[in-house]
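Chain letters run A, B, ... following the sequence lines, proteins first, then strands; residues in each count from 1. Every heavy atom of this structure was used, including side-chain atoms; hydrogens, water molecules and symmetry mates were not.
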Amino acid sequence: MNQRREDTVTGPPAAIVWFRRDLRLADNPALRAARDAGMRIVPVYIHAHEEETPWAPGGASRWWLHHSLAALDRDLRRHGSGLVIRRGPSLEALRRLARETGAGAVHWNRLYEPAAIARDGAIKQTLRQDGLDAHSHNAALLFEPWALQTQSGGPYRVFTPFWKACLGLGLAENAAPPPEALALMAAESESLNTLGLLPQRPWADAFADHWQPGERGAQDALATFLDRAAADYAAGRDLPSERATSRLSPHLHFGEIGPRQIAAAAQAHMARSTDRGTFSGLETFLRELGWREFAHHLLFHFPQTSERSLDARFEAFPWTRDHASRLEAWQRGRTGIPLVDAGMRELWHTGWMHNRVRMVVASFLTKNLLTPWQAGARWFWDTLLDADLANNTLGWQWTAGCGADAAPYFRVFNPVLQGRKFDPQGRYLRRWLPELARLPDKDLHAPWEASAQTLQHAGIRLGRDYPNPLVDLAVSRKQALAAYQSIKTA
DNA sequence: TGAGTCTTGCA
DNA sequence: GCAAGACTC
């Protein structure tokens with residue numbers, strides 16, 4: 001039945017643009033489609049996190065979302081009218097808003113998590129039955145997950161051939177300029193503050209020192225990266241003490257910038273650049289964008305993998321039986337392994353962790369502590385500002401060795417060696433572990449190996465000022481290899 | 001997007 | 001005595 005209300009609204013017809021994780025005005029296909037159709041646009045965000053169960057946004061993500069919505073509202077107001085905020089259920093909110101505004105169309109950009117796919121599909125069908133034009137678009141990916149397949153017709157499971165296929169298609173096609181003018185239409189709105197997205201505790205107060213959520217912040221991060229860091233990216237990206245990575249991940253998660261925009265800007269920079277280092281650095285950087293695409297490709301085609309290992313043999317993996325206390329020490333950055341603890345504290349205080357260190361802490365939790373990767377994924381989900389189901393799932397399964405194109409089971413990172421290799425002067429460790437700062441560089445990465453005299457001189461009593469190591473790295477490594485052997489041959 | 005161990009080659 | 005490469009887990 002057609003529920004469009006009688007035509008009491010004068011002027012051109014209206015279209016709802018349903019913002020979700022595409023919180024930008026530039027390169028936004030849903031917004032562009034509504035605008036190009038000559039519609040007045042009702043921009044809405046619907047608060048309905050329960051619809052994303054069991055992966056409703058974690059605490060850090062909600063902090064970012066609050067500020068990103070505030071930024072989008074400011075940007076929209078410059079075009080005449082702010083963001084409309086409503087509460088879910090999403091379907092009911094869209095229907096009510098359509099009735100109120102007389103809108104005849106609804107546009108949105110697609111999400112790729114299993115829960116969102118199911119919800120959005122049902123909503124699209126129902127809205128069309130209502131007589132509304134409901135359309136979804138691609139703003140979040142370079143390529144739709146179903147647009148790429150292997151020679152034999154299935155999804156890719158190995159990164160390198162996947163990325164070659166992407167490069168063959170061209171990365172930066174179809175990136176659009178920002179809309180010049182938007183005809184916006186106002187509607188009744190909740191206040192952003194009533195959504196309760198900000199944490200009650202003062203935990204997130206320092207996040208604002210490190211981040212600027214919103215489209216402007218995303219563009220600034222990209223420009224800064226291309227101007228200053230790109231030339232050093234190939235070497236600098238592995239050094240956690242340096243600010244050599246793009247730090248675009250939370251912006252990308254919330255769609256404040258799209259991968260096509262990033263690819264286009266990087267390729268333009270490469271074309272202008274005469275410096276070989278910049279060129280290869282940006283090539284490496286684009287490859288990281290490729291891992292993000294690959295993660296979404298995998299989650300789309302293997303939707304159970306956010307919960308279960310892709311490699312079914314891991315159903316029988318002998319994780320340690322009582323991991324609660326080990327998990328807590330890891331979460332709090334009190335394992336007694338400096339690089340692990342530094343990373344976990346960086347995460348807690350800034351909502352982010354350097355990628356090299358993410359691999360080390362994840363390897364330590366799953367291999368040295370034999371704790372299920374899902375426990376680590378949950379903690380990252382709640383504490384990372386860039387928490388993204390596809391990326392998080394791929395990262396943890398890759399490290400645990402149970403996913404697609406995973407690190408071989410025997411690849412166990414040694415936090416001491418990784419620290420000495422990638423943080424040789426201990427700048428990163430001293431920043432996050434001030435209690436160890438007075439140790440000489442040599443002993444910083446393994447204080448339990450320092451002489452009693454050195455420890456005393458640095459004012460450190462192990463077990464009191466800083467924990468003794470939770471496990472022996474060599475012994476636990478051997479145990480992990482044995483555990484992996486047991487399922488490999490089973 | 002490892003690490004441990006052994007061998008080789010050179011000093 | 002040790003750096004670099006091969007091989008294994």
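- Whole-Å rounding puts the A/E288 CD to B/dT1 P distance at 10 Å.
- Between the A/E435 side chain and the A/I460 main chain, no donor and acceptor come within less than 3.5 Å of each other.
- For the pair A/R378 and A/W55, the distance from NZ or CZ to the six-membered ring centre is under 6.0 Å and the angle to the ring normal is within 45 degrees.
- If you run side-chain contact (heavy atoms from CB on, under 4.5 Å) between A/V360 and each of A/I337, A/L365, A/L339, only A/L339 comes through.
- Ring planes of A/F380 and A/W330: parallel class, angle under 30° (limits at 30 and 60°).
- Within the cation-pi definition used here (under 6.0 Å to the ring centroid, within 45° of the axis), A/R21 does not qualify as a partner of A/F254.
- Here the two rings, on A/F422 and A/Y428, have centers that are 6.0 Å apart or farther.
- Applying a 4.0 Å cut-off to non-hydrogen atoms, none of the residues of residues 234-251 of chain A approaches DNA chain B.
- Ion pair A/E144/A/R110 flagged as a salt bridge, since at least one NZ, NE, NH1 or NH2 atom sits closer than 4.0 Å to an Asp/Glu carboxylate oxygen.
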message: For a quick check, with a 4.0 angstrom heavy-atom cut-off, what is the B/S/- contact string for nucleotides 2-7 of chain B, read 5' to 3'?
response: BSS---
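- In this structure, the side chains of A/W352 and A/R358 come closer than 4.5 Å at one or more pairs of heavy atoms.
- Relative to the ring axis of A/F410, A/K367 does not place its NZ or CZ within 45° and under 6.0 Å from the centre.
- By the neighbour-count criterion of 12 heavy atoms within 6.0 Å, atom CD of A/Q200 is sparsely surrounded, having that number or fewer from other residues, nucleotides or ligands.
- A/Y484 comes within contact range of no nucleotide atom at all, as no heavy-atom separation falls under 4.0 Å.
- Within residues 155-169 of chain A, no residue is approached by DNA chain B to less than 4.0 Å at the level of any non-hydrogen atom.
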